[in-house]
Amino acid sequence: MTAAKPPDQKPMPEIRRYTGIMDWLTTVDHKKIGLMYFWLVIIMGVVGGAFAGLIRVQLAMPDATYEALQSARIEGREVKALFYDFHRYNEIVTMHASVMIFFTIIPGFIAFANYLVPLMIGARDMAFPKMNAFGFWLLIPSAILMIASFFVQGGAAASGWTAYPPLSLEGVGNPGQDMWIMGVHFAGVSSILAAINFIVTISTMRAPGMGWSKLPLFAWATFFVSIIQLVATPVLAAAVTMILLDRNFHTTFTQASLGGDPVLYQHIFWFYSHPAVYIMILPGFGAISHVFGAFSKRKVFGYWGMVIATGSISFLGFIVWAHHMFTVGMPTWLQNYFMIASLVIGVPTGIKVFSWLATMWGGTIRFTTAMMFACGFISLFVIGGFGGLILALVQLDQPLHDTYFVVGHFHMVLVGGSVMLLFAMTYYWWPKMSGRMLSESTGKWVFWLMFIGVIITFMTMHLLGTQGMARRIPVYWSDYRLLNHITTGGYVLTFVSALLFVADLVLSYFRPKVTVDDPWQVNDVQQSFEWATSCPPPVYNFKDVPPIPVEDPADYGKH
Amino acid sequence: MNPRLLLALLLVFLLALRPGVEAAETPSPAGISSGSVPTQVSTPAPQTPAVLPPAASVDAWVSTFNPDIYGWDPATKKPTYVITDTFGSPASDVARKLQGSAAFSFLVFVPFLILPQVLLLYIIFRFRDRGDGRKAEKTKHNTKLEIIWTAIPFLALAIVTVPSARMITWMELPPPEKSDPLLLEVRGSKFKWEYTYQREDVKIGQDAGVQAHVVLPVGRPVVLNITSDDVNHAWWVPAFGIKKDAIIGRYTNAWFTPDTTGVYKGQCAELCGTGHGLMMIGAVVVTPAEFQRWIGFQRQRAAAGLVAEAAVNLKKAPDETALTTAIAKYLDGGADQERLDALAFWVANDLEGASRTSPLAKRLESRAADLAARTKVAALVAAKLGKQPIASLSLSNRSAP
């Protein structure tokens, strides 16, 4: 029961003024912009993964233990480690985080939102197509500024992606940190523009008949996340601007010797960066509901529960920021408040997990690669969330703060969560986006390598943290050597899986085109607009405002 | 930066090779497995007034108060320490409570880790499409179920939150003044720690480029007043369960009572720049008597340091005049047992410190020169005081590296 195609009423407007490369450079089509986002994300993801590899190489070197350093010193040997220069190590750590956060995970979801949200709500394009293009093109100078800062005097920013002052105030005159700040500014503006665009598009451009109660969950999630971005990102801009001014214009926002306060920056920074955690995963939460529903042949369980959970996570995300700073010294009541608020986020998250399981319950489940990634996501995300519950307890955060437990936790949530989500979304929607299928047999390899790799890599990090290994250190005690080697092994599996995936993406362009609208044959249950148009959809998506099927447009909201 | 700078950093942070473990293994204190660190109570100084203490006890003091935090045995190429952490081997009241608290929270939360995984596996096997024409169910919601899986997590959170809030309130409550807490100012700077014993008026920090261990008496509450001179640092010793940021322009506080003697390692836990990974913390917990002796040594540090410096120089240029003058000056300031103990300690300590960074080949040579210098000091002190030197002073019972 695909949505009936309407008879042609109006001719399609011609918007292609150029062909070839010029077409891509000048396009304002949300689908092309979405694809450009997607490929930027793929490229930056590989770059960020390679940075992670450099970190792992350093930590896998036999001489990266304190004892080996000392032994080499005593025996008068040269040390054999990747980074003789620990400053360079800090640069790599900083850039790994920055690239992964600002250019991989956040734009990763924006890529899919850009492509799919107008399709899902039956719109021809975003509300502000030119602003949409501008938002994408801002990311390019942003990425260039960050990566190029490795080649300037003094190297790239080396104060961690959190850029805590006074450390980030050092090296005035070396442009690395300033370039990082400007990169964040560009990425931030891009993010705000995208947020405005999504909010307006979803609010005003839904097809007639598609009320809020029939909005697909991915569009709901994008809507909430856009609000987070709109509210929080300017705060990040304010925080890094304080650093920029303190570094270059003799202001004293964060300089204690002149009356400023370095902790002020931390509060403002985390006011953005905790909601940013949800920017990095909520859209995927919405999208994965589609995958679960599609391959279980079921409607999504508890539509309103899902919407309310997403909304409450978005709100709660704003009032828990100081759980990142439990060790800076806060009043006891404040610590208790932030602990309780952080724990409460576990409840709506639990609602979502149980609702996904209930969606699968009683279904006839087809294990396509997308579905495997979705199931793998639940498994890994629950582990990551468990670490989050432990870390939210303020007394346990004292010994675990800034250890590998934290590193393991947020990687389990971001790689086991967000990246698995992005993989699932790609496998599910790639036929729609490119008009080509990804290889299901390669996909199985990609999934199992990634799943096992993530478990090995980040579970060992949790163990290292409880045993007392600090994060962001280039050398460690030799007691941690075995676990570090296991982590490195896990990294290799994960990275091989990612490369396999990228290779498959490229190869897919040489495969035959998908000829049907709905290659997964899901739309008899899902009835989502994006499967009611060709693969890939034509310019302007729908020849006319798509008709709402009489009885049951998206059927998410009806009880 | 180049390898030379790295080596310079190492120079700053590498501590001396720990001398070979004493032949007889002492009974291990709770929480530390045997052979880890020397924690034996040193033999008290002989009661004969005004003589230098025997070498064995001087060496014991040096290794108790200045243990090697890296504990690397170049002979076996293996570490000689055991990692201490909050959850595995707590060594303070705070860490012990944290251990219990972690276990409790884990038990309450673990169903939420296991249940979804089990359900997921069950669903995967039970509801996979076997091509037998089974139709998917049509249920779209179930209010009762949704209320249950909202309410139960709330209940679990409440169960964990109450003891957690009580625990943090207890952690944040300073020890009463009548418990005679040790007030310790901790001052971080790139990439070293300075400790001020505020009531004892003793200050330690880097000594000859080596990070000094903070020495704490067992069983007495410690109040930390932590601050920084430059960027943010964090003072963290896992075995004590304490981690607090050191921030310029403000003091942060933490308190705990160490309850087990031993040597504990920690390190800076807030990214502070190039040397962050090498910004070590060493904490030595000793008996109250040993602590008092150590405080006594610290009080004589400045005066005894001149003698020790002359003794170190003696190894380079055999000129005894400076040494004789320094010893005479030191003994003029008083020749009671405490001053003589301190003299013996600092001479042995600084001689060892000076040879800490020598390559292995030169260390044996250096050890011999150390012993010669110590004999010389003993002889000069004895001559000055008109007493017989104690022969054993020159004979160390410690094996060469």
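Naming convention: chains lettered A, B, ... in sequence-line order (proteins, then strands); numbering from 1 in each chain.
Most heavy-atom pairs under 4.5 Å with chain A: of the set B:I242, B:N232, B:V94, B:L145, this distinction falls to B:N232. With chain B as partner, the option from A:M371, A:R88, A:Q467, A:M325 having the largest number of non-hydrogen pairs under 4.5 angstrom is A:Q467. Heavy-atom pairs under 4.5 Å with chain B were tallied for A:N90, A:I473, A:T364; the largest tally goes to A:T364. Each of B:C272, B:G241, B:P238 has some count of heavy-atom pairs under 4.5 Å with chain A, and the biggest count is that of B:C272. Among the candidates B:F106, B:Y251, B:F112, the residue making the largest number of heavy-atom pairs closer than 4.5 Å to chain A is B:F106. When B:D129, B:T169, B:I248, B:I124 are compared by the number of non-hydrogen pairs under 4.5 Å with chain A, B:D129 comes out ahead. The choice from A:P165, A:A392, A:S257, A:C375 that makes the most heavy-atom pairs within less than 4.5 Å of chain B is A:C375. Contact tally against chain B (heavy-atom pairs below 4.5 Å) for A:L389, A:I378, A:V394: the top residue is A:L389. When the candidates A:D397, A:I390, A:I351, A:L400 are compared by the number of heavy-atom contacts under 4.5 Å with chain B, A:I351 comes out ahead. Counting heavy-atom pairs under 4.5 Å between each of B:L113, B:T150, B:L98, B:I226 and chain A puts B:L113 at the top. Comparing B:G249, B:S164, B:P153, B:A254 by heavy-atom pairs within less than 4.5 Å of chain A, the highest count is held by B:S164. Residue with the most contacts toward chain B among A:P262, A:A358, A:A81: A:P262 (heavy-atom pairs, distance under 4.5 Å).
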**Report entry** Step-by-step ring pair (Phe, Tyr, Trp, His ring centres under 6.0 Å) determination, A:W361 to A:F292
**Finding:** CA-CA 10 Å; A:W361 191 278; A:F292 279 124; over 10 Å; no
Query raised in the report: So A:D63 and A:K80, salt bridge (Lys or Arg N to Asp or Glu O under 4.0 Å) or not? Walk me through it.
Result: CA-CA 6 Å; A:D63 279 3; A:K80 289 188 191 62; 5.4 Å; no
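Both the backbone and the side chain of A:F301 have a heavy atom closer than 4.5 Å to some heavy atom of chain B. For A:S159, the part sitting under 4.5 Å from any heavy atom of chain B is the backbone (N, CA, C, O) and nothing else. For A:F354, the parts lying under 4.5 angstrom from a heavy atom of chain B are both the backbone and the side chain. Both the backbone and the side chain of A:I383 have a heavy atom closer than 4.5 Å to some heavy atom of chain B. Within the 4.5 angstrom heavy-atom criterion, only backbone atoms of A:S296 (N, CA, C, O) approach chain B. For B:R126, no part lies near chain A; criterion is any non-hydrogen pair under 4.5 Å. Residue B:L173 does not touch chain A at all, counting heavy-atom pairs closer than 4.5 Å. Contacts between A:M339 and chain B at a heavy-atom distance below 4.5 Å involve the side chain alone, from C-beta outward. The contact between B:I247 and chain A is made entirely by side chain atoms (from C-beta outward), counting heavy-atom distances below 4.5 Å. Only the backbone of A:M330 comes within less than 4.5 Å of a heavy atom of chain B; no side-chain atom from C-beta onward does. Neither the backbone nor the side chain of B:A234 comes within less than 4.5 Å of any heavy atom in chain A. The contact between B:Y122 and chain A is made entirely by side chain atoms (from C-beta outward), counting heavy-atom distances below 4.5 Å. Contact annotation for A:V353: only side-chain heavy atoms (C-beta onward) come within less than 4.5 Å of a heavy atom of chain B. Neither the backbone nor the side chain of A:E91 comes within contact range of chain B; no heavy atoms are under 4.5 Å apart. Contact annotation for B:N253: neither backbone nor side-chain heavy atoms come within less than 4.5 Å of a heavy atom of chain A. Of the two parts of A:A309, neither the backbone nor the side chain holds a non-hydrogen atom closer than 4.5 Å to a non-hydrogen atom of chain B. If you measure heavy-atom distances from B:K265 to chain A, the contacts under 4.5 Å come from the side chain alone. For a residue to count as touching a neighbouring chain, one of its non-hydrogen atoms must lie under 4.5 Å from one of that chain's; by this rule A:Q398 touches chain B with backbone and side chain alike. Neither the backbone nor the side chain of A:L169 comes within contact range of chain B; no heavy atoms are under 4.5 Å apart. For A:P331, no part lies near chain B; criterion is any non-hydrogen pair under 4.5 Å. With a 4.5 Å cut-off on non-hydrogen atoms, A:Q255 does not touch chain B at all.
Looking at B:R96, its side chain does come within 3.5 Å of a backbone N or O of B:P90 through a donor-acceptor pair. Within the 3.5 Å criterion, the main-chain N or O of A:V475 finds a donor-acceptor partner in the side chain of A:Y66. Although no hydrogens or angles enter the test, the distance criterion places no donor-acceptor pair under 3.5 Å between the side chain of A:T359 and the main chain of A:V300. For B:E146 (side chain) and B:N142 (main-chain N/O), a donor-acceptor pair under 3.5 Å exists by modelled atom type. Of the possible polar contacts, none joining the A:Y164 side chain to the A:V263 backbone as a donor-acceptor pair under 3.5 Å is found. Checked by atom type and distance alone, the side chain of B:T227 pairs as donor or acceptor with a backbone atom of B:R250 at under 3.5 Å. B:H276 places a side-chain N or O within 3.5 Å of a backbone atom of B:E270 that can act as its donor or acceptor partner.
In terms of the side chain to side chain donor-acceptor pair (under 3.5 Å) criterion, B:E137 has no residue partners (sequence neighbours excluded). Applying the side chain to side chain donor-acceptor pair (under 3.5 Å) criterion to A:T94, with sequence neighbours excluded, gives no partner residue.
Using cut-offs of 30° and 60° on the angle between ring planes, the pair B:F240 and B:F256 is parallel.
Closest of all the heavy-atom pairs between B:T252 and B:D245 is OG1-O, 2.6 Å. For the pair B:V231 and B:S228, the tightest heavy-atom approach, listed with the atom from each and the gap, is O-OG, 2.6 Å.
Cation-pi geometry between B:K97 and B:W170 is met: the NZ or CZ atom falls under 6.0 Å from the ring centre, inside 45° of the normal. Both the sub-6.0 Å distance and the 45° axial angle are not jointly satisfied by B:K244 relative to the ring of B:W235.
For the atom pair CD1 (A:I308) and NZ (A:K352), the distance works out to 10.5 Å, reported to the nearest 0.5 Å. Atom CE of A:M360 and atom CZ of B:F127 lie 10.0 Å apart (nearest 0.5 Å).
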